[in-house]
2 protein chains.
Amino acid sequence: MADSYHHGNLRQALIDAGIKIINENGEENLSLRKVAAACGVSHAAPYAHFKDKDELIEAIKDNVTEKFMEKLVEAVEGKPTADAAIIAMGRAYVTFFSKNPDYYIFLFGKQNITAHLKMNKEYKGDYPPFLLLRRMYLLHLEENGLEKTVEEQEIELIKIWSIVHGMASIACMKGVKSSINWNDIDERLLV
Amino acid sequence: MADSYHHGNLRQALIDAGIKIINENGEENLSLRKVAAACGVSHAAPYAHFKDKDELIEAIKDNVTEKFMEKLVEAVEGKPTADAAIIAMGRAYVTFFSKNPDYYIFLFGKQNITAHLKMNKEYKGDYPPFLLLRRMYLLHLEENGLEKTVEEQEIELIKIWSIVHGMASIACMKGVKSSINWNDIDERLLV
DNA sequence: TGCGCTATCTTTACATTGTCAAGATAATAG
DNA sequence: CTATTATCTTGACAATGTAAAGATAGCGCA
């Protein structure tokens, strides 16, 4: 099957090959034809599985986002308090993109996430990592017996996420010299 | 001159045309040939002014960064205290990218800023907006008679910039529903 | 079993794009 | 005025995304 006219599982193979190319050669080297060649099929074969290049890219983004979420969930699991979970999540967030900046650019660069969310019914308009953060945050309020208006919550949430996301962004750019070791974030950074 | 064989000021015309295309049709529609056509010259004419497409893009980035810095400086000027200046700068920062998300993607997306800084001797390894923030921050320490170690300073600086840059980033994505009006940031967001 | 339907893949073709090389044109220095 | 140089054009090529037409094979149904 794997060596016959029909590939067997070309769709996932194309996604995997795409991720590999992005990791090894950067997103600018990701072309439909190279991905197809990497899978040993003709350059038009992907069109049986994806409407166009964008649809392949969206599929790859979903795949990477899943890996991202796995790391975040992994970091959160088993933490004694919501606060500890949030800190851990922040660390995992920055570490993930710090380890492979290409992912940051790939996920948040080029096309903004709005288009991505629109194409992806599963998200229903909300970004999974942000939902996870909100859950942890609400838990934090509960654990500490805090009462906040929805607006106050929203502001604090955005603030936390901005810090973490901003740090990830900056860690990826590295344009600014800094004595911070991004792979081992200091607690002082996270409120 | 403007209508003869020689264009007169093609270099800047190409940059302007590039910015226009990015604003109107997004970065993915920016091609050397279209930029050239928009200026009424042949498709290879840009090569007299730019080594390749990347060099044109870098020139455009410089131009946009200048506009960005103008807004930041404008926001900072005439503020009574460093704290007020920092708040104003944060507002201007987010507002700038909130108004035209394409600029955010263009400046910080695709190619990371490291390459941009490397190609640009003028920056000497530091990003102008960050330098401005650092100046304001040091002024803030001075005005309030605060003593901090360099590491503490660096952490606080990164933190402030992370919040602002992260907010700008999130404001551009808009994937997350939020009750925040990005064009009129609440002071509570900025420490 | 055999027939056809459909998903999958190939081949061919075309437009767009970045880039290069060779030549044309004009500005400028000497 | 002439030679040099910067600027621009033309023509070509390879890489790419994409569409159309056809080949192949698996699967349901008679």
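The structure displayed is predicted, hence computed values, not measured ones. Proteins get letters first, then strands, A, B, ... in listed order; numbering begins at 1 in each.
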Send over the distance from [X] [atom1] to [N] [atom2], rounded to a whole Å.
| X | N | atom1 | atom2 | result |
| --- | --- | --- | --- | --- |
| A:L10 | D:dG26 | CG | P | 15 Å |
| A:L56 | D:dT18 | CG | P | 10 Å |
| A:E28 | D:dT16 | CD | P | 12 Å |
| B:F50 | D:dT7 | CZ | P | 11 Å |

In terms of the angle between their ring planes, are A:Y103 and A:F96 parallel, tilted or perpendicular, with boundaries placed at 30° and 60°?
parallel

If the plane angle is over 60° it's perpendicular, under 30° parallel, otherwise tilted; pick one for B:Y104 and B:F97.
perpendicular

Output one letter per nucleotide in nucleotides 12-18 of chain C: B when a protein non-hydrogen atom lies under 4.0 Å from the base, S when only the sugar-phosphate is that close, - when neither is.
BB---BB

Qualifying side chain to side chain donor-acceptor pair (under 3.5 Å) pairs, either residue in residues 34-47 of chain A, two or more places apart
none

Is there a donor-acceptor contact under 3.5 Å from the side chain of A:E143 to the main chain of A:T81?
no

Is a donor on one side and an acceptor on the other found under 3.5 Å between the side chain of A:N63 and the backbone of A:E66?
no

B:K71 NZ: over 12 foreign heavy atoms closer than 6.0 Å:
no

